[in-house]
Amino acid sequence: MTSQNIENISEMGIFQSLKEVIDPELYVNIVDLGLVYGVILTKDPLSVKIELTLTSKGCPMGDAIIQDVEQTLMRLYPGLTVNVELVWEPSWSMDMVTDEGHAALNGF
Amino acid sequence: MFNQGTNRAPSANSVIPFFVLSAVSWLIGIVFISFNPDSVLTSVYFNEVMLTITHILVLGFVTSVIFGALFQLLPVIFLQNIYSEKLTKSIFYLLLFGTIGLCFSFYFDSNGIGLTVFGSLLNIAVILFIFNVWKTIGKSKENKVAKLFIKTSVVWLALTAIAGLLLAINFLIPFLPFAHLELLKVHAHFGIIGWFVFLIIGVSSVLIPMFLLVHNLESRPLYFAYVLLLSSLILGGISKVISIPTLMYISYGLGVLGFIYYLNFIHVVYKMRLRRKLDFGLKKTMIAFPSLIVVIIGSIFFIAGFHTDFNLSAFYVIVLIIGFIATLILGQFYKTLPFIVWLKIYKPFVGKEKTLLPKDLYNYTILKYQFYSHVSGFILFFASLLLNLISLFYIGIGLLMIGAVLFLINVMQIVFHQKQTL
């Protein structure tokens, strides 16, 4: 599976993989929360830059979320170099949350 | 800005003891109240038992958790590292032995030597705490309103501790040129409003919007609350020392307005919240705020000269401590302690394997029943004070005790959690 992951690697695939990363306070994955602003894949050398925000500056779980992103992608795509860039512009808002994220936050 | 670190908090082991001391003290305080209904229901508040209960609650329960939580939260609020982790450990031991010694000294006939010795230990703890907080906040440009409230609160903490020590020394060698009871009132007033309320407003002004996902808030109501509450506190202190009743009424009036501005801020946050579904930890936090309305009504009745079976100014203090402060703390425990322990145990495995979440570290059903028994308990307890009904008192305090036991069970489950593999 892992070699297949690397062969078929794509920005969309990586974006979908990030659904495995759950915000430990909100219990919703970071994709549905709209925290992933960008996935930029470079094939030679194989690396990915994840542009990530947090729901608030200084979020106490921020470090754990960043680590989760790095480790999850390295586990799913062995050999991939992962760089997480924390960005604050544009600032996160509820407009960035997907329908699934809204449903989870509202308890439906 | 690659991997901007957000992990500035001190190690879990240096803050967890503060939380444990707090949870144990809450239960001990409630047990003491239940065994001493006469001391609580009487209008004479400055008896040994009440002083013991009060200090178990304000030092062991409230101050301990505030110290621990602040060491954890200051890095979050101000994006700064804790100045000294070693100091946090020294502060804990000084607070622990100071509180135990002081409470024993009160209980056994307000022993003057004990009060002075252990009061001095507590004063050293306070000095070290203030130094650590001040150096940590430093020149941070983040959250200016919170900074103002927190820095002011620690100044009041220092004044509270100094007033307490002067009272202790006065027990040993009477030297005060005025009745010590007046200084005792000032000591209580500074501690409850100046230290607890200012600190809670400062911290909650950042944390409640953060948990409820609210951004871009107007900070002016908080500045108004700051000026009003500070004026109230200063005038209240002066009125006690020089006995001018009019000043005291103005002080209560300003205090009421300050609370209204703060409550309005919280109301706006609650209405604007993007997180509609609240867990029981947050529900418990939010249920604390309506009790401030009871405080406001009690104060208005007091200003208007209403007479009840129960001393209204004492009722206002009890509602503030058990209704507002305790309920808020018991709710916020679940928003801090499980995360501290989770980070300690699971952070090395995050992303590498499936891990539990912080909410999995405690029993949610226990939390739910704790919530119901605490809320119903404090409502009945307050009613028993106003109506002077001993049967209601026992039902209310019994429910509070059940809540405190359930709370302690959950706290211990969190603290002694061992890594589990999914």
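All chains are named by letter (A, B, ...) in the order of the sequence lines, taking the proteins before the strands, and each is independently numbered beginning at 1.
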Next on the checklist: Is the ring pair B/Tyr346/B/His417 parallel, tilted or perpendicular, if the boundaries are 30 and 60 degrees?
Outcome noted: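 Answer is tilted, since the angle falls between 30° and 60°.
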Checklist entry - Quick one: are the ring centres of B/Phe67 and B/Phe92 less than 6.0 Å apart? => result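 No, too far apart.
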Item to check | Per-residue contact mode, B/Leu357 against chain A (heavy atom under 4.5 angstrom) | outcome: side chain
Checklist entry - Tell me, side chain or backbone of B/Asp279 under 4.5 Å from chain A's heavy atoms, or both, or neither? => result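 Contact with chain A: side chain only.
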Next on the checklist: Restricting to side-chain contact (heavy atoms from CB on, under 4.5 Å), what partner residues turn up for B/Gln418, sequence neighbours left out?
Outcome noted: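 Result, side-chain contact (heavy atoms from CB on, under 4.5 Å) vs B/Gln418: none returned.
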Next on the checklist: Tell me whether the NZ or CZ atom of B/Lys284 lies within the 45° cone about the ring axis of B/Tyr334 and under 6.0 Å from its centre.
Outcome noted: no
Next on the checklist: Shorter than 4.5 Å, heavy atoms on both sides: which option in B/Gln72, B/Lys354, B/Met210 has the most such pairs with chain A?
Outcome noted: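 Of B/Gln72, B/Lys354, B/Met210, B/Met210 has the most heavy-atom pairs under 4.5 Å with chain A.
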